[in-house]
Structures are given as structure tokens and as C-alpha cells.
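Beneath this line is the structure, given in C-alpha cells, with notes to follow.
Within every chain, numbering begins at 1; the chains are lettered A, B, ... in the order of the sequence lines, protein sequences first and strands thereafter.
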Amino acid sequence: MAFRSLALATRKTLTLGLNSTRLTQSRALQTFSLPDLPYDYGALEPAISGEIMQLHHQKHHQTYITNYNKALEQLHEAIQKGDSSTVAKLQSAIKFNGGGHINHSIFWQNLAPIREGGGEPPKGSLGWVIDTNFGSLESLIQKINAEGAALQGSGWVWLGLDKELKKLVIETTANQDPLVTKGPHLVPLLGIDVWEHAYYLQYKNVRPDYLKNIWKVINWKYASGVYEKESA
Amino acid sequence: MATSQNSALLPSQAKFELKPPPYPLNALEPHMSQATLEYHWGKHHKTYVENLNKQIVGTELQGLSLEDIVVVSYNKGDVLPSFNNAAQAWNHEFFWESMKPGGGGKPSGELLDLIEKDFGSFDQFVEEFKSAAATQFGSGWAWLAYKASEKDKKLEVIKSVNAVNPLVSDYFPLLTIDVWEHAYYLDFQNRRPDYISTFMEKLVSWEAVSARLEKAKVQAAK
């Protein structure tokens, strides 16, 4: 009996403690800002034009971040007010704009100028596991390009690591859905944006040409780094 | 809308043709550039028509009207392979005919009355239409459509993803705007809201919309 009262009293204290922590935490909302590109806008030419890189980074990615921050602020307020209907309503804006920020942040690191290793095939364990799972790098690229070309509308094509099954997977996601929406154990190694804004000014309707050329500036060093860290 | 199909051919020979817009490709300048029309109609739309023709050869779809192929291949959401090409072929023909040189302004007559009844005012309709077009995430279309049931006849603004159109939900489409990025990227880049405003102010053919409403009412009465 005494024990139960003690337990209850402790729980109440804990709850009170948590409440005041929550109050403090709720004042701090982390918002996001546009990450710098690790290279000049024109550094990926001729595979991807400087004009596209600048628009893609300064306009499209920035807009996702601006709208993501706005949605987070609205969510923050709705949570504090206990306004569940608004919380639920904001989910699609958060997935879309937050996803856009996540995906593009990965994408800039997936690319590198040729003189900084862009296009160089993966070495080390990632290179080996690609050859083992797909036969060759060329075969992997062919499969990724086929999936990317066949994607209807807007989306991304990914090379991912399934951490649970310990294997590489090729996946597509629609719109700005991050790879994790296809499986909670999926880690993105490499994503290629196949929204029309990623290639239209240069390649127009010929998405397959964009997909063929982008491999000249793919930064396998980044993908290898993620693979080694996540498969350790 | 006339189906661009040669009905003199046997069903086994029937194929769709790429119908040109009802104006020269430079006629919508400066609001929609000739370059956009050349790529959008001459490449994107053309490819949908060509691929559709390849897909339906020797199938039971060959010989059907384009609208019928759209509805049949939608298959209540479990789409058949030909849906994407058929719907996009239909959507783009409908889109060109939704615009005209010197377009924009306001509708009149019965169409305006119906808009005011169902949206409160023309301006409120414009706001709702522009909002639908701006908030269709990714690729798709925004529509003004007419729904006639036993109880009611009304106009609605609808947005749809990728190739989907209101035919599949038993609506009569009256007006559409293409919000796939290829529709506006050469002229407006990321500025989709500017493209939408320009479409409403300078390109919409209210004559086409009114004519479609008349046809819809006749069909609904059957």
C-alpha cells in the first residue's frame, strides 16, 4: 500500500517535472536555412548547367526551406494550443517541404565537380558490394536510369541501404517523399532528382539524356562514406 | 471536343493523331512563348499520342474514342498501362482549347451566373482555382468541372495528380491548367503562381468554357 502511494507520488512529481521541461522546450523551435553548395554553380557543367544549379539551389530548395519553417511554426503553435485538427492538417505541408529540404540537402552532396572526384567509380566496400549485388557499376546505373526514366510525374530515384536486410536497394519516391517513407530501415546513399525543374532548361523533355550525363558528376565518395558508416 | 481520330478506318487501323492547337504556336506570346508550345505540344503531347497508339495496337482499346480509353483504362483507380498516355493525350488537347490569343477577362451569361451561384463571386472562383493550381504538389492539373446529379447541378474546382482528370469521377471538365513544370518552366522557371495569374488574366478562353458547359448540360439531361 505504502509502496503504491510512493510510486504514485513519484509519478506525479515526474509529470510535473516533465511539464515544466516541456514548457521550456516548447519555446525553442529549430528552423532551417539554405546550406551552401560545396562548389560553384557552374562547376558541374556540362552535365548540369550553372543556370539550373542556381535556380535549383536559390529558388527551389530555398522555397522548400521557407515553407518548411512556416509549417513548423504553425505546427508549434497548434501543438501548444492543443489544436489537433490543425496539427493533422499540416502533415502534408511538412512532409512535402521538409522532404524537399532533406532530399535536396543530400542531393548537393551527391554531386561533385569532375576535378574533385565527380564521376569517379566507388572504391572500397561500396564498390565491392555494388559488383556483388548488381554485377557491375554499369549494370547498377542502367537499372537506376530505367527506374528514373519510368517515374511518372515528379519524384526521386534512390540507391539506398536497407540496414535491416543489409543490402542495397533501388527505390523511387513520389514528389518530395524522403526514402524512409518506403521503409523505416532505408538509408539514402545516392538520390537523383527527376522533377522537371532538375533538368528542363537544359534537357527539355529528354529525361534519359539527363540521367545518362549526371553520372559524370556523381560524388561516390559521399555515398561510400555513408555506406561505411551505416553498415558498420 | 472532337476526337482526333480517323473514323473511316477499321478499328484495327484506328489511331490517334496529334491535333494542333486552334492557333499558331506563337499566338500566345508573350504570355506563353512559342518555344514552350514547340516543346510542350511538339514533344510532350506528341510523345503521349505516339506511345498511346503503340500501346493500343491489337488490343480491345483500339477503335474506342479517346475519352472511352481514358475511362476504361482508369479502371476505378487500378490503372491499366495505357491510362497515362491516354489521359495525358486527352488533357493536353483540352488544355490547348482552354486558351486563346487575347484571352482572359470574365465569362458572361449563364456561365457567370453559375460561377456566382457556386463560388459567391467570380473573384472568389478565381482565388479558389489559383489556389488549387498552386497547391497541387508535384505534377498535375487544376480544373473547373461541372457535376450533374439528380439533386444538384454545380461547378467545382478540382485538382488532380499527374495524368488524372475529372472524367474518371463522372464530372464534365470545363477548364484546365497544366501545372506540370514542363508547362511553365521555360517562361516562368519556379514561379508557378505568376504562370497561373498570367493564364487567368491573359489566356483563358471563356468562349470554350461556355461551349463546354452547354454540351455538358445537354449530356446531363440525357
Side-chain angles (χ1 to χ4, degrees), chain A residues 34 49-68 70-71 89-100 103-104 149-156 172-177 181 193-210, chain B residues 18 33-52 55 73-74 79-88 91-92 131 134-141 159-165 178-195:
Chain A
L34 187 65
S49 73
E51 187 187 17
I52 286 181
M53 290 305 293
Q54 182 164 5
L55 278 167
H56 205 172
H57 182 245
Q58 283 182 0
K59 302 289 181 187
H60 291 273
H61 189 176
Q62 178 62 69
T63 300
Y64 288 123
I65 289 170
T66 303
N67 291 339
Y68 181 40
K70 206 160 51 171
K89 218 166 46 172
L90 286 167
Q91 296 310 302
S92 71
I94 287 171
K95 183 162 93 160
F96 183 65
N97 292 296
N103 295 339
H104 287 87
L151 192 150
Q152 312 277 24
S154 308
W156 292 73
T172 58
T173 57
N175 295 337
Q176 292 300 345
D177 293 358
T181 58
D193 189 349
V194 292
W195 281 64
E196 286 171 328
H197 66 240
Y199 60 87
Y200 205 79
L201 293 179
Q202 187 176 356
Y203 293 96
K204 310 296 189 309
N205 60 305
V206 195
R207 191 194 285 177
D209 281 358
Y210 160 68
Chain B
L18 177 66
S33 65
Q34 177 174 346
T36 292
L37 267 294
E38 281 170 357
Y39 281 104
H40 199 177
W41 173 76
K43 305 278 183 191
H44 292 268
H45 185 179
K46 181 162 183 261
T47 302
Y48 289 125
V49 172
E50 285 174 351
N51 288 345
L52 176 65
Q55 263 175 331
S73 22
Y74 184 69
V79 301
L80 306 180
S82 52
F83 174 73
N84 197 61
N85 289 318
Q88 285 291 77
N91 295 340
H92 282 89
S131 171
T135 58
Q136 176 50 42
F137 289 158
S139 308
W141 303 75
K159 56 187 181 187
S160 63
V161 67
N162 290 355
V164 179
N165 66 34
D178 188 350
V179 292
W180 283 62
E181 285 178 323
H182 66 240
Y184 58 91
Y185 213 80
L186 296 181
D187 297 334
F188 294 92
Q189 294 80 58
N190 61 304
R191 293 169 290 121
R192 193 196 283 189
D194 287 350
Y195 158 65

Asn162(B) versus chain A, heavy atoms under 4.5 Å apart: side chain, backbone, both or neither?
side chain
Can you check whether Tyr48(B) and His92(B) have ring centres sitting under 6.0 Å from each other?
yes
Can you check whether anything in residues 56-68 of chain A gets within less than 4.5 Å of chain B, heavy-atom wise, and list it by number?
Lys59(A), His60(A)
Which answer fits Asn175(A), side chain, backbone, both or neither, if we ask what part of it has an atom under 4.5 Å from a heavy atom of chain B?
side chain
Under the side-chain contact (heavy atoms from CB on, under 4.5 Å) test, residues paired with Lys89(A) that sit two or more places apart:
none
To check you understand the geometry: which heavy-atom pair defines the closest contact between Asp177(A) and Lys95(A), and what is its length?
OD1-CE, 3.3 Å
Backbone N/O of Ser33(B) and side chain of Asp187(B): donor-acceptor pair under 3.5 Å
yes
Ring centroids only, cut at 6.0 angstrom: are His44(B) and Tyr200(A) within range, meaning strictly under it?
yes
Side chains of Trp41(B) and Leu18(B): does their closest heavy-atom pair fall under 4.5 Å?
yes
Is there a donor-acceptor contact under 3.5 Å linking the side chains of Asn97(A) and Gln176(A)?
no
